[in-house]
Chemist: 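A single structure is presented below for examination.
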Amino acid sequence: MAKENSRVMRWLNERLPVTTKYQKHMTRYLVPKNLNFWYFFGVISTLMLVNQLLTGSWLAMHYIPTESEAFASIQHIMRDVEWGWLLRYMHAVGASFLFIAIYLHMMRGLLYGSYRKPRELVWIFGMMLYMLLMVAAFTGYVLPWGQMSYWGAQVITSLFTLLPFGDAIGEWVRGDYLISGATLSRFFIIHVFLVPMMILLLVFLHIWALHSVGSNNPEGIDIKHEEDKIPFHPYFTLKDLVGLVVFLLIFTTVVFFFPEGGGFILEQANYQPVNTLNMPEHVTPIWYFGAFYSILRAIPDALMGLVAMAAAIALLFVLPWLDRSPVRSWRYKGGVSRALILLFAADFVLLTWLGTQPVTEFYLLMARLATAFYFLFFLLMPVYSRLDPTKPLPERIS
Amino acid sequence: MKLTMLLLILMSMNLSADENAQLLFTHDTQVHDIDSVTRGAQAYMDYCASCHSLEYVRYQRLATDLTITEADIENNWLFAEQRLHDPIISMMLPADAEVAFGVAPPDLSLIAKTRGEDWLYSFMLSFYEDFERPLGVNNLVYKNLSMPHVLVGLQGQQVLKSEYLSGTDNDSVLEEKSDVLYIAQPGELTESEYQQFVFDLVNFMAYVSDPSALERKGLGWKVLIYLFVLLLFVYLLKKEFWRDID
């Protein structure tokens, strides 16, 4: 970095607040020194987002968004384009790893009460980012135009027909009476431009909202002693760098050695081009949508299932107002709250896995129980979070 | 391993042309065994390519990845006006194939992904004589298929014999239907030679479904080594800077 009083920097600073912003957000931005492993996932998510944007851009140079060419263009990328196979695998594996990072990032929020006042807006922007990510992933999955691309899109867009004016809404989303080339072209532009643009805007807002109030920490207490906070750069840039390299080790292991992820990252059915006359026996979404799909399937009535699925996501938005505990971090919450948080995490993993499986009587029962627990965890939270005795908070973080 | 020793216990289980098929064999896929894949390529061009296209595979790629020269390909494999950079398309028109067989032979570029190597290997070994079928042949892994047993000359005529085994278990009499495949008339190859032949062919199908596998793994190790070294330095750097934090 050039010295502040160099000629170049003086020229720049007269025209743009480069140095002041750099100091405000990096070298003089103070962060609690006790941030742990759970705090890596924000920057890891950012890295994976950049991965998706870069690999996606190069893929888009060779991909052809028409019904007749889409599937073949991906094989062309895999076989004929120099390093095309690497771009494709990095993009597909990257999507799954982005979701893993986001789920762990959200888990941190749950553990340490990062969504509590004054960070509710950080959480809300984050939830909006999660929704955008799901739209990006859903539209992106249709683009290879494989059997699962088509039939998965068919199942999900048909959910819209359950709503009032459902047929009109369904036609508006699909661009046609059923999934077709019209759907493919609009999903392409949504996936490649519209959603990424919104994501970038929201990431900016998300970080701005965070920097306006400062980071929370694993103890969940407001830090009164300035010695307990340290500058983001160089301390956390370097620490995050270690975390990023470890994550990259895992990511590249999967990309180079197990890019299909045992059928969870690149699904077997999607290696067959679309056959509109032949629906696969089991149409399930990709693993990261599993939880909400489980909830959808668990409710016997189709419309109520849709309502439940929407409610499950909506509840996440209002979490800051459901948690009435006097403390932020689970470290100081009562035994009941702590157990429930762990059970919720296990419940979410279970729902996710169930969503990828075909429906059997036993799985359906498990999904219903898990759905009930999911809703009770949130709906009863205003009660148990207030009643559960908490431990006394420490004065300082160390 | 003798094919004839393979006992299928089909307890009223219908082996249909889908995931319910009980697979007889597993395939120890070795795409890095270039010689095996090359033999498989030869086998494919000799027996399969006349009906089954590999529309995403170009002839020239085979010369690049396998131990075949471009000259060999030009002299032996290219039909009519085909060029080295062209994809491997069968000369049989889909319309003609549908008239002849009832269904066009599918493209096999990604068959190893959609079916799996175990399925393919078992499939090639499970043809048997069935006079009730139009082509006189059926397959345990893909019931009532429309494909002839192209390799019958190599494998020999395989026959399915149903045996009923009965035994007693305490008071009840149990009867199990078991099917045995055995070679009634030998072909050009012995059983183990034929299995090797099919093994190589399936290796080729695996390679064709993902040619990147050849260079992916070698490259992967190099990337991992680089990242490990980077991790070491980044970690030491972090530790050095954090020394002044308690």
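Keep in mind that what you see is a predicted model, and the values were worked out from it rather than measured. Numbered from 1 within each chain, the chains take letters A, B, ... in sequence-line order.
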Chemist: Between B/Ser212, B/Pro106, B/Gly116, which has the largest tally of heavy atom pairs under 4.5 Å with chain A?
Modeler: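 With the most close heavy-atom pairs to chain A, the winner is B/Ser212.
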Chemist: Could you tell me if the side chain of A/Phe257 sits less than 4.5 Å from the side chain of B/Arg216, heavy atoms only?
Modeler: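 They are not in contact (no side-chain heavy atoms under 4.5 Å apart), so the answer is no.
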Chemist: Distance check, rounded to the nearest 0.5 Å: B/Gln60 atom CD versus A/Asp80 atom CG?
Modeler: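 Taking CD in B/Gln60 and CG in A/Asp80, the distance rounds to 10.0 Å.
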Chemist: Testing the basics here: between A/Pro234 and B/Phe241, what is the closest heavy-atom pair and its distance to 0.1 Å?
Modeler: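 Of all heavy-atom pairs spanning A/Pro234 and B/Phe241, the closest is CG-CD2, 3.6 Å.
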Chemist: Roughly how far, to the nearest 0.5 Å, is CG of B/Leu227 from CD1 of A/Ile250?
Modeler: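 If I round to the nearest 0.5 Å, the distance is 11.0 Å.
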Chemist: Tell me, side chain or backbone of A/Thr237 under 4.5 Å from chain B's heavy atoms, or both, or neither?
Modeler: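 Contact with chain B involves no heavy atom of A/Thr237 at all.
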Chemist: Using heavy-atom distances under 4.5 Å, tell me whether B/Arg61 contacts chain A through its side chain, its backbone, both, or neither.
Modeler: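 Just its side chain gets close to chain A.
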Chemist: Side-chain contact, heavy-atom cut-off 4.5 Å: B/Leu224 with A/Leu249?
Modeler: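 The answer is yes, as the side chains (C-beta and beyond) meet within the 4.5 Å cut-off.
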Chemist: I need the A/Trp83 CH2 to B/Glu215 CD distance, nearest 0.5 Å.
Modeler: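 Nearest 0.5 Å value for the CH2-CD distance: 5.0 Å.
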Chemist: CG/B/Leu110 to CD/A/Gln272 distance, rounded to the nearest 0.5 angstrom?
Modeler: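 Reported to 0.5 Å precision, the distance equals 9.5 Å.
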Chemist: Please determine whether side chain to side chain contact (heavy atoms under 4.5 Å, CB included) holds for the pair A/Val242 and B/Leu231, giving the CA-CA distance in whole Å, both sets of side-chain angles, and the decisive distance to 0.1 Å.
Modeler: CA-CA 6 Å; A/Val242 177; B/Leu231 178 64; 4.0 Å; yes
Chemist: Side chain from CB out, backbone as N, CA, C, O: work out which of these in B/Asp244 comes under 4.5 Å of a heavy atom of chain A, or both, or neither.
Modeler: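 For B/Asp244, the contact with chain A is made by the side chain alone.
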Chemist: Looking at chain A, which one of B/Arg58, B/Lys217, B/Lys113, B/Glu55 has the largest number of heavy-atom pairs inside 4.5 Å, strictly under?
Modeler: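 Going by pairs under 4.5 Å, I would pick B/Lys113.
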Chemist: When you compare the side chain of A/Met78 with that of B/Asp210, does any pair of heavy atoms fall below 4.5 Å?
Modeler: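 The answer is yes, as the side chains (C-beta and beyond) meet within the 4.5 Å cut-off.
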Chemist: Contact part of A/Leu241 toward chain B, heavy-atom cut-off under 4.5 Å: side chain, backbone, both or neither?
Modeler: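 For A/Leu241, heavy atoms of backbone and side chain both lie under 4.5 Å from chain B.
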Chemist: Are more than 12 heavy atoms, taken from residues, nucleotides or ligands other than A/Trp353, located less than 6.0 Å from that residue's CH2 atom?
Modeler: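 It does: A/Trp353 CH2 has more than 12 such atoms within range.
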Chemist: Is A/Glu260 close to chain B through its backbone or its side chain, or both, or neither, when contacts mean heavy atoms under 4.5 Å?
Modeler: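 Only the side chain of A/Glu260 comes within 4.5 Å of chain B.
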Chemist: What's the separation between atom CG in A/Leu86 and atom CG in B/Leu219, rounded to the nearest 0.5 Å?
Modeler: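 Atom-to-atom, A/Leu86:CG and B/Leu219:CG are 7.0 Å apart.
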Chemist: Counting only heavy atoms closer than 4.5 Å, note whether B/Ile245 contacts chain A via side chain, backbone, both or neither.
Modeler: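 B/Ile245 touches chain A through side-chain heavy atoms alone.
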Chemist: Between atom OH of B/Tyr235 and atom NZ of A/Lys239, what is the distance when rounded to the nearest 0.5 Å?
Modeler: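 One finds 10.5 Å between OH of B/Tyr235 and NZ of A/Lys239.
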Chemist: Is B/Ser209 close to chain A through its backbone or its side chain, or both, or neither, when contacts mean heavy atoms under 4.5 Å?
Modeler: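 The backbone, not the side chain.
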Chemist: Can you tell me which portion of B/Phe228 sits under 4.5 Å from chain A's heavy atoms? Options are side chain, backbone, both or neither.
Modeler: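 Both backbone and side chain.
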Chemist: Set out, in order, the CA-CA distance, both residues' side-chain angles and the distance that settles side chain to side chain contact (heavy atoms under 4.5 Å, CB included) for A/Arg79 and B/Ser109, then state yes or no.
Modeler: CA-CA 11 Å; A/Arg79 297 161 190 273; B/Ser109 312; 4.1 Å; yes
Chemist: Does atom CZ of B/Phe79 have more than 12 heavy-atom neighbours, drawn from other residues, nucleotides or ligands, at distances under 6.0 Å?
Modeler: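 Count over threshold, so yes.
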Chemist: Tell me, yes or no, whether the heavy-atom count around A/Tyr29 atom OH, taken from other residues, nucleotides or ligands under 6.0 Å, exceeds 12.
Modeler: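 Atom OH in A/Tyr29 is crowded, with more than 12 foreign heavy atoms closer than 6.0 Å.
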Chemist: For the residue pair B/Trp242 and A/Tyr235, does the interplanar ring angle fall in the parallel (under 30°), tilted (30 to 60°) or perpendicular (over 60°) class?
Modeler: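 Because their plane-to-plane angle is over 60°, the rings of B/Trp242 and A/Tyr235 count as perpendicular.
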